[in-house]
Amino acid sequence: MKPIFRPLSTLLMGGTYLLSVFFPIPYATFWISLFALTALISYFPYLHRTPKNMVLALTVGALLLDLSWNGLQAFFFGLQTNANLLAIFIFVPLLAIPVQQGNYLTYIEVLFAAYIKKTHQLYLFTTVSVLSVGSIMNVGSVPILYQLTDTRSFQPYLMNRINAMTRGFVLAFLWSPYFISVGLVLSYFDVSWFELFRIGFPLAVGIILLGFLFESRTKKPVQTETHTYDQATLRKAKRKVMELMFIVFVITAIIMTIENMTELSVLTIIPLVVIAASVIWSLFISSMSDIKQNFQSFFEERVPRMGNELLLFIIAGAFGTALLKNGADHWIQVLLETLNITHVLILIPLLLLLMAVPAIFAVHPIITATILAITLSDSRIFADDHLYVSLGLLSSWMAAILVSPFSGLNLLLASLSRRSAFEISLKSNLWYALFLWGICYGVIAVLYIIQ
């Protein structure tokens, strides 16, 4: 198919969903499913080998569950199951436009060069940067921050930087409203984003500080180059970084306020606010010609690169729906009864196994998380424990991303650093992922006991 079909079908899928929330579009579900199918067909030839095999296997599996006419119809309409989450995935990257156009990352680089003198400081600065910038730019922030820290002074500490990036980035899975992990649990479970944020964000901050303390035990001096930044340059850099943090805070506060004042789902609010914010923010810092060029680049370059994750999430929704229509909820209930799992604190370790182990063998957490969310959200056993199930799912997702050699994060860093994805994931982060998950599980257990 022509290249235009990929970005066009993607934007039409997300845009039709958002418009259908406010306007009675005839056959909206049909059109969203049709655009999702077009995206599935048009992106498929361009996928990497592993996601291509996964998409093909899930498609065949979903179709084989029911080859009747009704089954084929159910598969077609199942393609739009995750339309609300896909709208977040499609439109949140628009925030990267003003972030890059405003040169905010350049000012972060100035602070890196001026203040990092030891390895534990490099770890802290990198972790905080990738968490804060990555929480809105997602994985697109990783290559940028990698290049910012790939200076002559920091090159000898490659694994320190890689570990900081992986460990900082995954913490956003716990709380960021711009991440599809949070969107998924909000879509299926009876929880609000603020409930997740008030637990996930402090937990992420605490884990960063704990990691900083661990790194300080083996700190080494960094042989920095001589930088002659004057006080005016440093003040401007600090001001611009604070400006970035303030704008992100305002955008998030607007989302929370709209959610509290209206009956709209936060999953609908986020892409709408992001679209408006990216346009308004760009108007303040760019010319009209630059804005036009940046949004055209988003359409022609950024959207066509979404294929791997986009198709996995489309087909995961269809496959999960097919499983549910063929009794998956009953199968999981039987599994839980067989294993005598009737308590949420016993369920959560099972979630870790069901997500992390398949992820090591190239099954993306998006797939297992979607299936688990669809089935567990309807389970009567855990009807009163949605918050704890959600936190357990997010913690397990975070651990799965860390240990999977096939996760987009680890593959990207492996490509940038020319290191093995197995070294970055299993060798460097296996025990850390278990430790990280253990901290999250301990917090969940304490909250459960208290409440």
Side-chain angles (χ1 to χ4, degrees), residues 93-138 140-158 160-161 164-165 168-169 172 178 201 204-205 208-209 211-212 215-216 219-254 274 277-295 297 416:
L94 283 169
L95 284 176
I97 293 175
V99 169
Q100 292 177 314
Q101 191 67 32
N103 292 320
Y104 293 100
L105 297 172
T106 302
Y107 294 108
I108 292 176
E109 182 181 19
V110 170
L111 297 183
F112 264 83
Y115 291 110
I116 294 177
K117 306 300 180 184
K118 296 184 178 180
T119 54
H120 69 304
Q121 295 172 333
L122 174 62
Y123 180 90
L124 179 64
F125 270 65
T126 305
T127 305
V128 171
S129 297
V130 77
L131 174 63
S132 55
V133 179
S135 66
I136 57 171
M137 289 181 61
N138 210 297
S141 64
V142 173
I144 297 171
L145 288 169
Y146 180 89
Q147 296 300 329
L148 290 181
T149 59
D150 197 35
T151 62
R152 184 179 302 175
S153 299
F154 301 144
Q155 282 176 352
Y157 311 101
L158 177 63
N160 179 292
R161 292 155 49 211
M165 288 182 196
F169 181 81
Y178 310 108
F201 184 73
V205 172
I208 286 177
L209 294 177
F212 175 69
E215 289 292 324
S216 65
K219 61 186 177 184
K220 298 177 183 178
V222 174
Q223 301 300 318
T224 57
E225 300 172 350
T226 303
H227 293 282
T228 57
Y229 296 118
D230 55 34
Q231 289 300 313
T233 302
L234 291 176
R235 282 197 300 269
K236 184 176 182 180
K238 292 177 183 178
R239 180 174 59 81
K240 293 297 288 187
V241 171
M242 290 299 295
E243 179 183 299
L244 174 63
M245 296 173 63
F246 175 74
I247 292 172
V248 173
F249 172 79
V250 169
I251 294 172
T252 307
I254 291 172
V274 162
S278 63
V279 172
I280 295 171
W281 192 355
S282 296
L283 286 172
F284 277 98
I285 61 176
S286 304
S287 64
M288 289 301 298
S289 60
D290 286 338
I291 293 173
K292 181 181 178 181
Q293 182 179 352
N294 288 332
F295 278 84
S297 176
L416 291 169

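These numbers come from a predicted model, not from an experiment. Sequence positions, counted from 1, serve as the residue numbers for this chain.
Aromatic ring orientation, Phe112 versus Phe154: perpendicular (interplanar angle above 60°, classes split at 30° and 60°).
Counting only distance, with no hydrogens or angles, the side chain of Glu215 and the backbone of Phe212 share no donor-acceptor pair below 3.5 Å. Between the side chain of Thr126 and the backbone N or O of Met165, no donor-acceptor pair lies under 3.5 Å. For the pair Asn294 (side chain) and Asp290 (backbone), a donor-acceptor distance under 3.5 Å is present. For Ser132 (side chain) and Ser129 (main-chain N/O), a donor-acceptor pair under 3.5 Å exists by modelled atom type.
Minimum interatomic distance between Gln101 and Ser286 (heavy atoms only, all atoms of both residues): CG-OG, 2.7 Å. Closest of all the heavy-atom pairs between Ala164 and Thr127 is CB-OG1, 3.4 Å. Closest approach of Gly168 and Leu131 over heavy atoms only: O-CD1, 3.5 Å. Of all the heavy atoms in Leu244 and Tyr104, the pair that sits closest is CB-CD2, 3.7 Å. Annotation for Ser282 and Ile97: closest pair OG-CG2, 3.9 Å, computed over non-hydrogen atoms. Annotation for Ala237 and Val110: closest pair CB-CG1, 3.9 Å, computed over non-hydrogen atoms.
Between the NZ atom in Lys118 and the CG atom in Leu124 there is a gap of 14.0 Å [rounded to 0.5 Å]. Rounding to the nearest 0.5 angstrom, the gap separating the NZ atom in Lys220 from the OH atom in Tyr157 is 7.5 Å. Taken to the nearest 0.5 Å, the CD1 atom of Ile285 stands 8.0 Å off from the CD atom of Glu243. The OG1 atom of Thr106 lies 11.0 Å from the CG atom of Leu111; values are rounded to the nearest 0.5 Å.
The closest side-chain heavy-atom distance from Val133 to Ile108 is below 4.5 Å. Taking the side chain as every heavy atom from C-beta outward, Val279 and Ile291 never approach each other to under 4.5 Å. Between Phe284 and Pro98, the closest side-chain pair of non-hydrogen atoms is not below 4.5 Å. Looking at Tyr107 and Arg239, their side chains never come closer than 4.5 Å, going by heavy atoms from C-beta outward. Looking at heavy atoms from C-beta onward, Val142 lies in side-chain contact with Phe169 at the 4.5 angstrom threshold. Here the side chains of Phe125 and Thr149 are not in contact, with every heavy-atom distance at 4.5 Å or above. Using a 4.5 Å heavy-atom threshold, the side chains of Lys117 and Leu122 count as separate. Asn160 places none of its side-chain heavy atoms less than 4.5 Å from the side chain of His120.
Annotation: Phe246 is not in aromatic contact with Trp281 [ring centroid separation under 6.0 Å not met].
A 6.0 Å sphere centred on CD of Gln293 holds no more than 12 heavy atoms belonging to other residues, nucleotides or ligands.
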- [ ] Check step by step if side-chain contact (heavy atoms from CB on, under 4.5 Å) holds for Gln231 and Leu234.
- [x] CA-CA 5 Å; Gln231 289 300 313; Leu234 291 176; 4.1 Å; yes

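With a 6.0 Å cutoff to the six-membered ring centre and a 45° limit on the axis angle, Arg161 counts as a cation-pi contact of Tyr146.
Contacts of Tyr178 classified as side-chain hydrogen bond (donor to acceptor under 3.5 Å, both in side chains), with partners at least two apart in sequence or in another chain: Thr252.
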